[in-house]
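Structure record follows, encoded as structure tokens.
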Amino acid sequence: MDISVFLGLLAIVLLVFDVFEYERIGAGLWFLLIVFGALSPSEGLSVIIDPAVVTISALYILGFGIQKSGAFNLVGRFLVGDEGESKNVTRFRVGFFFFVIAVLSMFLNNTAVVIILIPVALELGRRSGISTSKLLIPISYVAILGGAMTLIGTSTNLLVAQSYSELVKQNDLNFREIEMFSFFTPAFAAALAGGFWLTIFGRRLLPDKHIRENLTENYKLSSFMVAFRIQENSKLIGKNIEDSGFLFEKEVELIEIHRKNHHMVMRPHRDTLFSEGDEFLVRVSPDKCGYLSEKYEIQMIGAEEELQSAEEEGLKLGQALVVPGSQMAGRTIGELAFRDHFGLAVLSIRHGSQPVKGSLPKYKLRVGDTLLLHGTSASFEKINEPYSDLVLISKNKYNFFHRKHANVAIVALLAFVFLVSQGFSLDFVSVVVVGGMLIFNTVKIEEAIEAVDHKVIVLLVGLLAWSNAMYEKGIFYNIAQYLEVHLQGISQGSALIIVYFLVALATSFLSNAATAITFVPLVLTVCTSMGWDPYPFMIAVAIAASASFATPIGYQTNTLVFSLGQYKFKDFMRVGVPMTFITGLAACWTIIYYYF
């Protein structure tokens, strides 16, 4: 077996089973291809500055500039409206909200759009009486379909277009190039069909769960968290945490100590002395509470009562979402020294429909997890920044707006769209637009570096290197020759439908980038061998590679709403599988109608 094939299959297995972080898989794939001679060092280095890599990085920076300027706050302020509006008006705003998501996702990274507008969705759901769980999955799906409509709406379209363009040029083929709005008509047809399905039937299949405003109930704190009060005869009085033995109790985590006679809430340290009247919050199973109360002669009180008491000292509860690209993903709460870094206590973590059980310090965070945090307003402000590792899920006043920076960022976006639609190369436009934002100080250099999702870029470099090696060695050609025998006598339309649903199936388990990069050279080679125009097939591959509706792990926006909406895996399957077929048939029919 050729080393390129072996390394590619190994990478796919590792990605499917989530054995390592995907940036490590991408870096390892790139490195081993060079070490084993599948690529020369110069070829490997050239992938790092591939136009697709440059353009996707530029779009991250562009999105950051718009978010930093507060331009999205104007949109949020308009969408939310006034508190006193009737439910009918608010429900109209909900419908308009989905339209805005689709439009914004056409020109900005759709994951960023969902992250920014989640608080708007929660507020509109609260006012309209529509349950959160009936809003969040549709938001993700609409963002996916909106992003599929243009060249820059999603990195998948960019990858397909750029890989296709490079292969056409390398082989002196005379096929039309993919342009800014090449995807629009079939993706729009898919969006209409998908919107009809969600509105009439899909919403009935979604669970009806409201996110409770009472966060202690929302996270079911009473099932694994209690508070204790130290009585006058307690064995803990005058002892520090370490000497008392409390620190070494199994399956007991001391969260914080409320020293009521000094009106302060303290972080627990080994040398912190217990005093009479102290109340402390503990994460522990309910069946162990009686044992602790009797052993240390402490009175058990409700966790909610203690949190309300701490609120009088200026502490509050809040939720935060782990976003794609977060440096926290894959690391434990203990490793992150969360309290030391942010000054916030992690009371609970939700992954999917249920709070995480067991020890929180040992829990590895995943993208889409929601964290229940406790601390001061000043501490919460530390994570309330653009492109931080966490995003606060709370009421947003949408007040911040920097007119100069917003103007520059919006002009940069319009310039990007215009120049690309006029036929300028993606890498040239990327350099011009990002350079302009840096010159006008809309984005600082260090912010630009931070804005890029390095995990995605590293995986992308590894996959592009592998695809190039496979193509150069003629492996895709050999596969195409084998497939050609079985495709004799089949119509182009039938072949396109088969390709679409194969790609849609693959993207449910692989990343969108991995799926696109694998199928583009293979489909191009097959089309060339069969004498077919590959252009409509590339459109189908791009849209299908984004059609990740059936699982919460298939697309980043699905992962984002998974825990927040308290969904189960089967909720995505129940709504997403029909959504995949309906949007796929609509897109395929439109492509066949226009091109065959």
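Values below: all heavy atoms of this structure, side chains included; hydrogens, waters and symmetry mates excluded.
The backbone N or O of Leu173 sits nowhere less than 3.5 Å from a side-chain atom of Asn171 that would complete a donor-acceptor pair. Thr507 places no side-chain N or O within donor-acceptor distance of the main-chain N or O of Ser546, the cut-off being under 3.5 Å. A distance-only check finds a donor-acceptor pair linking the side chain of Ser140 to the backbone of Asn558 [under 3.5 Å]. The backbone N or O of Glu23 lies less than 3.5 Å from no partner atom in the side chain of Lys455, so there is not a single donor-acceptor pair. Looking only at distances, no side-chain donor or acceptor of Asn110 sits under 3.5 Å from a matching main-chain atom of Ser105. A donor-acceptor pair is defined here as one N or O able to donate and one able to accept, closer than 3.5 Å; no such pair exists between the side chain of Ser57 and the backbone of Val452. The backbone N or O of Ala161 lies less than 3.5 Å from no partner atom in the side chain of Ser165, so there is not a single donor-acceptor pair.
Within 6.0 Å of the CZ atom in Phe97, the count of heavy atoms belonging to other residues, nucleotides or ligands exceeds 12. At most 12 non-hydrogen atoms from other residues, nucleotides or ligands lie less than 6.0 angstrom from OH of Tyr593. More than 12 heavy atoms of other residues, nucleotides or ligands lie within 6.0 Å of CD1 in Ile200, so this atom counts as buried by the packing criterion. Within 6.0 Å of the CZ atom in Phe181, the count of heavy atoms belonging to other residues, nucleotides or ligands exceeds 12. Tyr595 OH: more than 12 foreign heavy atoms inside a 6.0 Å radius. For Phe596, the CZ atom sits in a packed shell: over 12 heavy atoms of surrounding residues, nucleotides or ligands are nearer than 6.0 Å. Atom CE of Met573 sits in a sparse spot, with 12 or fewer heavy atoms from other residues, nucleotides or ligands closer than 6.0 Å. The local environment of CD in Glu179 is sparse, with at most 12 non-hydrogen atoms from other residues, nucleotides or ligands closer than 6.0 Å.
A 4.5 Å side-chain heavy-atom check between Val561 and Ile139 finds every atom pair outside the cut-off. Between Leu151 and Leu158, the closest side-chain pair of non-hydrogen atoms falls below 4.5 Å. Looking at Phe175 and Leu167, their side chains never come closer than 4.5 Å, going by heavy atoms from C-beta outward. No side-chain heavy atom of Leu198 sits less than 4.5 Å from a side-chain heavy atom of Phe98. Using a 4.5 Å heavy-atom threshold, the side chains of Met470 and Pro521 count as separate. Counting heavy atoms from C-beta on, the side chains of Phe572 and Tyr141 come closer than 4.5 Å. With contacts defined as side-chain heavy-atom distances shorter than 4.5 Å, the pair Trp197/Val575 qualifies. Two residues are said to be in side-chain contact when any heavy atoms from C-beta on lie closer than 4.5 Å; Leu159 and Leu463 fail this criterion.
Expressed to the nearest 0.5 Å, how far CG of Asn468 lies from CG of Leu33 amounts to 9.5 Å. The distance from atom CG of Leu426 to atom CZ of Phe416, rounded to the nearest 0.5 Å, is 6.0 Å. Remark: Ile101 CD1 to Ile116 CD1 distance equals 11.0 Å, nearest 0.5 Å. The NE2 atom of His454 sits 13.0 Å away from the CG atom of Leu460 when rounded to the nearest 0.5 Å. Atom-to-atom distance recorded for Leu206:CG and Ile137:CD1 is 5.0 Å, nearest 0.5 angstrom. The distance from the CE atom of Met538 to the CZ atom of Arg176 is 12.5 Å, given to the nearest 0.5 Å.
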Which pairs of donor and acceptor atoms, one on a side chain in residues 142-149, lie under 3.5 Å apart (sequence neighbours left out)?
none

Identify each donor-acceptor pair in which a side-chain atom of residues 45-54 lies under 3.5 Å from a protein atom, sequence neighbours left out, and give them as a table.
from: Ser46; atom 1: OG; to: Glu43; atom 2: O; distance (Å): 2.6
from: Asp50; atom 1: OD1; to: Ala52; atom 2: N; distance (Å): 2.9

Show me, pair by pair, the donor-acceptor contacts under 3.5 angstrom made by side chains of residues 491-504, not counting sequence neighbours?
from: Ser491; atom 1: OG; to: Ser494; atom 2: N; distance (Å): 3.2
from: Ser491; atom 1: OG; to: Ser494; atom 2: OG; distance (Å): 2.9

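Considering every non-hydrogen atom in both Pro552 and Thr559, the closest pair reads O-OG1, 2.7 Å. Scanning all heavy atoms of the two residues, the minimum distance from Gly44 to Ile34 falls at CA-CD1, 3.9 Å. Listed here is the closest heavy atom pair of Ala412 and Leu62: CB-CD1, 3.8 Å. Nearest heavy-atom pair, Ser467 versus Phe476, reported as atom, atom and distance to 0.1 Å: O-CE1, 3.7 Å. Heavy atoms only, all atoms of each residue included: Gly194 and Ile582 are closest at N-CG2, 4.5 Å. Residues Ser508 and Thr551 come closest through the heavy atom pair O-OG1, 3.4 Å.
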For a side chain to side chain donor-acceptor pair (under 3.5 Å) check, start with the C-alpha distance between Thr154 and Tyr555, then their side-chain angles and the critical distance, and finish with the verdict.
CA-CA 11 Å; Thr154 173; Tyr555 204 93; 3.1 Å; yes
Could you walk me through whether Met180 and Phe107 satisfy the side chain to side chain contact (heavy atoms under 4.5 Å, CB included) test, starting with their C-alpha distance in whole Å, then the side-chain angles of each, then the deciding distance to 0.1 Å, before giving a yes or no?
CA-CA 10 Å; Met180 185 69 183; Phe107 304 107; 4.3 Å; yes
Show your reasoning for whether side chain to side chain contact (heavy atoms under 4.5 Å, CB included) applies to His351 and Val322.
CA-CA 11 Å; His351 181 77; Val322 182; over 6 Å; no
Is there a side chain to side chain contact (heavy atoms under 4.5 Å, CB included) between Leu524 and Phe537? Walk through the geometry before answering.
CA-CA 8 Å; Leu524 175 62; Phe537 285 86; over 6 Å; no
Stepwise, does the side chain to side chain contact (heavy atoms under 4.5 Å, CB included) test hold for Leu135 with Ile130?
CA-CA 7 Å; Leu135 285 175; Ile130 301 173; 3.9 Å; yes
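Judged as a salt bridge (charged side-chain N to carboxylate O under 4.0 Å, His left out), the pairs with a partner in residues 562-578 (not counting sequence neighbours) are, in order, Asp571-Arg574. For residues 93-115, the set of pairs meeting the salt bridge (charged side-chain N to carboxylate O under 4.0 Å, His left out) definition, not counting sequence neighbours, comprises Glu85-Arg93. The ring pair (Phe, Tyr, Trp, His ring centres under 6.0 Å) analysis of residues 10-59, with sequence neighbours excluded, yields no pairs.
A donor-acceptor pair shorter than 3.5 Å can be found between the side chains of Ser182 and Tyr535.
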